[in-house]
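So you know, we letter chains A, B, ... as the sequences are listed, proteins then strands, and number each from 1. What you see is a predicted model; the values in this text were computed from it and never measured.
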Amino acid sequence: MSVPILNASGCLDALVAPDVARTLDAFVTKTVTLLPREGNPPPRIAEVEHGMLNSIGLQNPGIDAFVSEALPALAELGVPLWVSVGGFSAREYAHVCERLDECEDVTTIELNLSCPNVEEAAETAAEITRAARAATSKPLYAKLSPATWDLAALARAVAEAGADGLSLVNTIRGLALDPATGRPVLARGAGGYSGPALLPIAAACIHACAHAVDLPIVGMGGVASGADAAMLVAAGASAIAIGTALFADPLAAERIRAELASAVGTPPAADRDSRSLSQASSA
Amino acid sequence: MSVPILNASGCLDALVAPDVARTLDAFVTKTVTLLPREGNPPPRIAEVEHGMLNSIGLQNPGIDAFVSEALPALAELGVPLWVSVGGFSAREYAHVCERLDECEDVTTIELNLSCPNVEEAAETAAEITRAARAATSKPLYAKLSPATWDLAALARAVAEAGADGLSLVNTIRGLALDPATGRPVLARGAGGYSGPALLPIAAACIHACAHAVDLPIVGMGGVASGADAAMLVAAGASAIAIGTALFADPLAAERIRAELASAVGTPPAADRDSRSLSQASSA
Amino acid sequence: MEPVGPYTLLCLERGGLESGRPGQFFMLEAPGRLLPRPMSLCLAPPGELAFLVEPIGPGTRALCALTPGDAIHVLGPLGNGFDLDVERPLLVAGGIGIAPMPYLREALGGAPAILGFRSELHAEAACLLPDAEVVVEPELVTDLLGEDPGDVLACGPEPMLEAVRRAVPGAQLAWEAPMACGYGACFGCVVELEGRYARLCVEGPVLR
Amino acid sequence: MEPVGPYTLLCLERGGLESGRPGQFFMLEAPGRLLPRPMSLCLAPPGELAFLVEPIGPGTRALCALTPGDAIHVLGPLGNGFDLDVERPLLVAGGIGIAPMPYLREALGGAPAILGFRSELHAEAACLLPDAEVVVEPELVTDLLGEDPGDVLACGPEPMLEAVRRAVPGAQLAWEAPMACGYGACFGCVVELEGRYARLCVEGPVLR
Ligand SMILES: Cc1cc2nc3c(=O)[nH]c(=O)nc-3n(C[C@H](O)[C@H](O)[C@H](O)COP(=O)(O)OP(=O)(O)OC[C@H]3O[C@@H](n4cnc5c(N)ncnc54)[C@H](O)[C@@H]3O)c2cc1C
Ligand SMILES: Cc1cc2nc3c(=O)[nH]c(=O)nc-3n(C[C@H](O)[C@H](O)[C@H](O)COP(=O)(O)OP(=O)(O)OC[C@H]3O[C@@H](n4cnc5c(N)ncnc54)[C@H](O)[C@@H]3O)c2cc1C
Ligand SMILES: Cc1cc2nc3c(=O)[nH]c(=O)nc-3n(C[C@H](O)[C@H](O)[C@H](O)COP(=O)(O)O)c2cc1C
Ligand SMILES: Cc1cc2nc3c(=O)[nH]c(=O)nc-3n(C[C@H](O)[C@H](O)[C@H](O)COP(=O)(O)O)c2cc1C
Ligand code: FES
Ligand code: FES
């Protein structure tokens, strides 16, 4: 099975780890907003039993610095470039898309319509997609949240508004409390829940949308093995993005690609390329 | 810590397992609808890595048979009785609530506004709550879905419509595919995802609603230990319901009550009262 | 822990548990898995309960990987077993369907048996039921039933049970279904029975 | 695997890994946990990498429970270590902050050290740094710094590092923060640095 493998937005910095970025069929940037953002105060991450929580809060340099500083360096990687775009109003999304529309090196724009860690725009996902559509002729992927009662209807609405594809799914809101104090572990309170626990949720979302609209789908949420990736492909994804799994294994994309190619659905744990106590080596 | 412990709706049949029901501070029935329902075809359940999926589809005898046959038998258990009510329109909910309003043995009505396994009513949760409110003076708990973008707003709406409490959370839609065939394991396709993976999601929902409305909250979703229960209480729940954990351990309520009382947040695995290979015994 | 052909015989100390009626089952904790797994009682030596387990997935593999001294949760006996009030019992089993037969034969004070397996390796499990007639695919147990097989008590894969039912309409058949709880709590294990969905763990697993 | 007071010294075969500069860290897979855990290199004997681990939570407990022959993923060396170009080095460590010091002292060709611990049991770890001055709470490492402590290189709990910074403004300090990736991917490990949030794994862990 040959399926394009991307990183999930916010889960890789290609400029710090170019070798990792080169293992991907396309690199997706962390979400870029109109203005620079420092993001949320730490602690921003917490491991929970079956996944992790994050409340990064879209820390990014803003579209101006992104275009003038990051983009030229990213272009040199020789990896197709997707830019994730966020905002706090349809106008902001449109402004950022307009800027990116002029950038030759950007192959695709992913609209982050679903970050659980910031206040959201008042407009609907479809309205934002429509505004972005008017601002750029680049391929537009709408990234949606699993915390949506009728996701198929939302998928139809963003398709109607001009999306060329869907990215499914973003994190879902989760909370961890310190057992000793009863207070949230993350400074912001709740965060976005990602990792293994998300896989069946992602599969259901992809399945529902694949039946509702005729758009390509980048599937993500808890993918850590070829078997996981194959599951999302069977659910209807035509490409796979890897997020949380990259933290423990920067070479996850290559490993998962190999596992998919060998097409044997072995369970994740058995697939791990690991080092013995008597043989540590760098990943 | 002394917290009332209930079963989660659909996760215990008190007539088949009366001793288990007597371990609870209140017994919650499986959701009852106006007309009898056979439910969805099997397979209806599947274990996944961090939880399980079900697509029971509200199999129940309908309100008439429930009131004439099940209710008298349930009343004899001597356990406070909550009846979960479902429907396919606000009128149906109201009809069922009206019938239950006459039943002395029913202490509380829980409105299941969030079953992922059946087609839902066209009305909003608030409209259904309002119709139910008009039909009964019994305490009304609104059971909501975590697949809701702005759950705090929904909580305010059902509070406004007359709900006396909230039950948080129902399952979230999940899908498992057979790796060999790529086809859904459950006959209906997707199902409701419950169990450990749900805990941080439930905590976030409870936390958000506890800050939004001044209503008591029955917390549920992945609770399997005293530490899990304490987490949902810290998030804002005033009572706890146990679902999936009852399947592996029918005495989970007593165990969790004891763990809460000893107030030491030990991890679930260590808490299990288990039998050694050289000492099997009935739970 | 004893291999029996490709299966594993798992012996647990009985503690306070009853052994129940043949055909009843127990829910066994499968270490590392969320849900317990239903297993028919295979043998009930004094002070013990023994289960024959076929490792076909994560739960049964975890059970087969138990080592002496390990502790697991056990719940049971559950469900309705075989009706032992029969005149001319004939035990019929396919594959892992042999599991309840040793305990059943003991309770009946002996009975003839026909066993079917999909390979010679699987057929090694026939040692649990000495003197049984054994067939290996492509031969089928139903090929040996004959005209008047008597009171058939059967356990095995669905197609086998369907074939036995066609051949012997009154046979007692022990069915399987995925189960989450085993004690009527989840409504997950339903089978169609006279036009309605019945919980196999409550109304079965032995059905006529 | 060797206990050192309440800590465990974990020795891994080095394979193809570099040992890096003192103060750099490695991400170690913690068996059974989703995310790896950052650990400073403690010692680099030929062919090995040794880490000193304090079991304070699920990840560090899993690491301390490793047994010889177990295999774990290791990524590193990562981050920025200590600047070794100093004239009068003085090592200052509190608690598990002793971890990077043995390798640091070796790289410096020796240096005086002040170690603080919260109990006599913890202080047993001082054996990793012979000849160091050792204080146990309520006495604090800063009590021993004196007027002109030289070029301080420190590692320890946040309050200790803050106190050292106040006492010795130019000190090199090795900080900690929860890390998901350790290589700049997640933006989870930020600390406030000159009014902005900087990734500690990229710009640290050693900061001035
Ligand atoms: C009343 C009863 C008694 C049983 N007694 C025994 C016994 O004595 N020995 C024994 O080895 N097994 C017995 N089983 C079957 C056993 O419970 C299942 O094989 C086991 O639950 C599978 O779990 P798993 O995690 O290993 O595999 P899973 O991953 O759950 O399943 C592997 C494959 O088997 C299928 N499957 C799973 N459960 C069942 C089922 N119950 N029926 C049919 N197909 C299924 C799945 O669809 C999948 O394709 C019994 C089942 C029931 C209901
Ligand atoms: C660059 C770096 C180098 C490190 N070197 C070592 C080392 O050599 N030896 C060693 O034992 N530890 C070291 N640590 C700390 C170690 O990584 C953490 O103790 C570990 O990740 C905790 O994981 P856990 O699952 O055991 O506990 P958790 O459950 O994650 O944490 C237990 C408690 O410690 C707190 N905590 C978790 N991580 C950190 C952290 N990084 N800083 C401060 N508090 C934290 C949590 O909030 C919680 O209260 C280092 C950390 C960093 C960032
Ligand atoms: C630390 C972290 C930061 C993330 N940042 C972003 C982001 O900036 N924009 C975005 O669209 N999604 C972001 N996500 C969500 C991921 O892109 C992905 O949708 C989600 O994590 C599910 O995939 P996974 O389970 O493989 O991680 C982030 C996730 C994590 C864990
Ligand atoms: C098998 C099964 C059946 C369920 N049936 C119902 C139901 O009839 N009505 C309802 O409101 N919730 C139903 N639920 C949802 C539970 O009440 C509960 O909200 C959910 O499972 C989360 O809790 P848990 O993780 O402890 O199981 C069902 C859940 C399961 C697993
Ligand atoms: S297995 Fe739960 S009702 Fe039968
Ligand atoms: S730990 Fe991920 S960016 Fe530093």
**Request:** Against chain B, label V190(C) side chain, backbone, both or neither, depending on which of its atoms sit under 4.5 Å from a heavy atom there.
**Result:**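 Both parts, heavy atoms under 4.5 Å.
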
**Item:** E110(B) (side chain) donor-acceptor with K143(B) (main chain) under 3.5 angstrom
**Value:** no

**Message:** Using a 6.0 Å distance limit plus a 45 degree cone around the ring axis, check whether R199(C) lies over the aromatic ring of F187(C).
**Reply:**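 Yes.
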
**Prompt:** Does R44(B) count as lying over the ring of Y197(C), i.e. NZ or CZ under 6.0 Å from the six-ring centre, within 45 degrees of the axis?
**Reply:**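 Satisfied, under 6.0 Å and within 45°.
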
**Item:** Atom group of V48(B) that falls short of 4.5 Å from chain C, counting heavy atoms
**Value:**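 Just the backbone, heavy atoms under 4.5 Å.
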
**Item:** Most contacts with chain C, counted as non-hydrogen pairs under 4.5 angstrom, among P41(B), A245(B), G195(B)
**Value:** P41(B)

**Asked** How close do I45(B) and A180(C) get, heavy atom to heavy atom, and via which atoms?
**Response** CD1-N, 3.2 Å

